[in-house]
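Values in this document were obtained by computation on a predicted structure and should not be read as measured data. This chain uses plain numbering: 1 for the first residue, then up along the sequence.
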Amino acid sequence: MSRASGAAYAPEPVPAPVVEAGEFVFAATSLDHGHVYGMCEGLAGAGGTLRWVHDPDPAKVAVMREKFPDVRVARSEAEILDDAEVRLVAGAAVTSQRCDLGLRVIEAGKDYFTDKAPLTTLDQLAAAREATARTGRKYAVYYSERIHVEAAVLAEQLVERGAIGRVLQVIGLGPHRLGTGRPDWFFDKDRYGGILCDIGSHNFDQMLHYAGARDAEVSHAAIANYHHPEHPGLDDFGEAGIVMDNGATGYCRVDWFTPAGLSTWGDGRTVILGTDGYLELRKYVDVGTGRGGGHVFLVDGTGEHHLVANGQVGFPYFGRLVLDCLERTETAMTQEHAFKAAELSVLAQRQARELTPGRTGRLAHPGS
């Protein structure tokens with residue numbers, strides 16, 4: 001796993017094939033974000049066969065070919081969409097373009113798997129909902145900080161077993177390292193959607209999922225550019241609170257302030273409070289111990305427990321997604337959940353108060 005940059009995050013594969021070679025053929029296009037490589041490795045680990053790759057940038061295609069030497073290089077997106085044997089298309093386009101790509105994939109009769117955030121506007125959300133409802137095709141989302149992190153998978157299993165009782169609150173902390181070499185679109189809010197829409201989407205997914213909620217209202221949201229005046233379009237800080245339809249609450253903080261001294265790109269943590277105990281996830285690093293990430297701490301009525309998840313539970317989402325595409329089921333993630341997390345991300349971004357050092361702040365979108 002890359003420890004320098006979250007953009008290159010791709011955990012070591014934990015193969016768990018659910019199909020034979022060639023039984024589930026997929027393709028990759030629009031390689032604008034490095035998450036696409038982890039997406040493809042996850043599908044391949046579940047037995048999928050990556051047949052095609054397409055991107056205008058030969059360097060990005062070369063990276064994919066290093067990971068998948070047998071992949072064919074398509075001359076165009078159309079060449080992928082015209083292949084009747086391709087069942088799913090994975091993509092990590094510029095965020096504002098992800099919905100349009102998905103609509104083209106769906107209209108071609110294929111399922112779509114996109115990096116988060118899956119869209120940036122409510123109009124795009126409405127179009128995606130209409131297309132999936134009309135066609136029955138999938139618009140799957142790579143909320144990697146839950147589905148591609150073993151600590152998060154283990155936490156899900158513990159919650160489902162009732163280890164902490166009924167979930168009352170989920171707190172997510174998502175610091176990231178800005179680093180160098182980010183593309184221009186990364187600093188254009190119209191293109192990346194804003195920090196709560198972008199990396200905040202991970203947290204809305206987790207809050208809903210761990211609490212077992214179907215819907216929520218945004219109770220508070222704020223964004224800021226505290227320390228990067230050279231990039232006026234960048235939100236370097238964001239926070240939001242939600243109240244879910246089952247009475248549970250959620251809070252998230254996301255930022256671009258990971259210091260240079262941290263051994264990885266972000267000290268991502270999640271705290272899940274239940275009626276009978278609580279969980280803390282230290283996903284990528286256990287600061288000061290040299291132990292790396294993958295830690296789940298459980299406190300319940302019997303004591304304090306430290307569980308190490310990495311290499312133990314794998315990433316069942318990908319096998320479930322493959323089978324969902326083949327069997328037309330919804331075991332990996334429901335379509336409505338994927339869209340609801342995206343909806344909350346967009347709403348929080350729109351409703352956020354824009355903070356300024358030394359001032360009270362103002363609404364980023366007055367009247368919305």
Side-chain angles (χ1 to χ4, degrees), residues 1 11-12 14 16 143-175 200-217 219-220 239-254 262-264 266-320 331-334 337 340-341 344:
M1 181 182 72
E12 292 299 322
V14 181
Y143 293 119
S144 60
E145 292 186 17
R146 177 172 65 84
I147 66 174
H148 219 170
V149 173
E150 285 187 275
V153 175
L154 178 56
E156 174 185 350
Q157 295 173 355
L158 291 168
V159 168
E160 289 177 349
R161 294 171 191 166
I164 60 171
R166 178 167 58 90
V167 172
L168 305 175
Q169 185 188 52
V170 182
I171 297 174
L173 303 179
S201 64
H202 286 299
N203 296 278
F204 292 108
D205 161 68
Q206 291 171 84
M207 291 186 281
L208 290 170
H209 182 76
Y210 289 130
R214 294 177 177 270
D215 200 357
E217 294 182 0
S219 57
H220 161 75
E239 64 176 6
I242 62 173
V243 179
M244 291 175 263
D245 59 358
N246 58 5
T249 66
Y251 170 82
C252 68
R253 188 207 78 214
V254 288
L262 190 73
S263 60
T264 190
D267 184 8
R269 301 195 188 195
T270 304
V271 178
I272 308 171
L273 174 66
T275 54
D276 302 324
Y278 65 89
L279 296 166
E280 180 187 346
L281 285 58
R282 302 181 188 176
K283 297 179 179 180
Y284 313 114
V285 63
D286 190 14
V287 172
T289 68
R291 296 190 301 200
H295 302 276
V296 176
F297 296 89
L298 164 65
V299 182
D300 60 13
T302 67
E304 306 167 1
H305 314 278
H306 174 205
L307 309 174
V308 179
N310 285 359
Q312 303 300 313
V313 293
F315 310 111
Y317 170 87
F318 297 97
R320 293 170 183 169
T331 64
M333 182 186 300
T334 68
H337 172 90
K340 182 56 66 173
L344 290 170

Closest approach of [X] to [Y] (non-hydrogen atoms, all atoms of both residues):
{"X": "Y210", "Y": "A152", "value": "OH-O, 2.9 Å"}
{"X": "A309", "Y": "L154", "value": "CB-CD2, 3.9 Å"}
{"X": "S263", "Y": "V285", "value": "OG-CG2, 3.6 Å"}
{"X": "A211", "Y": "A248", "value": "CB-CB, 3.9 Å"}
{"X": "G294", "Y": "N310", "value": "CA-OD1, 3.3 Å"}
{"X": "M207", "Y": "Y251", "value": "SD-N, 3.3 Å"}

Just do the side-chain contact (heavy atoms from CB on, under 4.5 Å) check on H209 and Y143 with the steps written out, would you?
CA-CA 11 Å; H209 182 76; Y143 293 119; over 6 Å; no
Straight-line distance of [X] [atom1] to [Y] [atom2], nearest 0.5 Å:
{"X": "I164", "Y": "L298", "atom1": "CD1", "atom2": "CG", "value": "8.0 Å"}
{"X": "H295", "Y": "K283", "atom1": "NE2", "atom2": "NZ", "value": "14.0 Å"}
{"X": "I272", "Y": "L168", "atom1": "CD1", "atom2": "CG", "value": "11.5 Å"}
{"X": "R291", "Y": "H306", "atom1": "CZ", "atom2": "NE2", "value": "4.5 Å"}
{"X": "F297", "Y": "L281", "atom1": "CZ", "atom2": "CG", "value": "10.0 Å"}
{"X": "T270", "Y": "L173", "atom1": "OG1", "atom2": "CG", "value": "7.5 Å"}

Note, R146 side chain near E156 side chain (heavy atom, < 4.5 Å):
yes
Does a side-chain heavy-atom distance below 4.5 Å link L273 with I171?
no
Taking atom [atom1] as the centre, does [X] end up with more than 12 heavy-atom neighbours from other residues, nucleotides or ligands that are less than 6.0 angstrom away?
{"X": "R253", "atom1": "CZ", "result": "yes"}
{"X": "Q157", "atom1": "CD", "result": "yes"}
{"X": "E304", "atom1": "CD", "result": "no"}

Those residues that, when tested against H220, pass ring pair (Phe, Tyr, Trp, His ring centres under 6.0 Å) (two or more places apart):
none
Are the side chain of Y284 and the backbone of V149 linked by a donor-acceptor contact shorter than 3.5 Å?
no
Mark yes or no for whether E150, through its side chain, and V313, through its backbone, hold a donor-acceptor pair below 3.5 Å.
yes
For K340, the option from D205, D245, D215 that meets salt bridge (Lys or Arg N to Asp or Glu O under 4.0 Å):
D215
What pairs of residues pass the salt bridge (charged side-chain N to carboxylate O under 4.0 Å, His left out) test when at least one of them lies in residues 267-276, not counting sequence neighbours?
D267-R269, R269-E280
Given the rule in the side-chain contact (heavy atoms from CB on, under 4.5 Å) test, do H202 and V254 qualify, once you have shown the distances and angles that lead to the verdict?
CA-CA 10 Å; H202 286 299; V254 288; over 6 Å; no
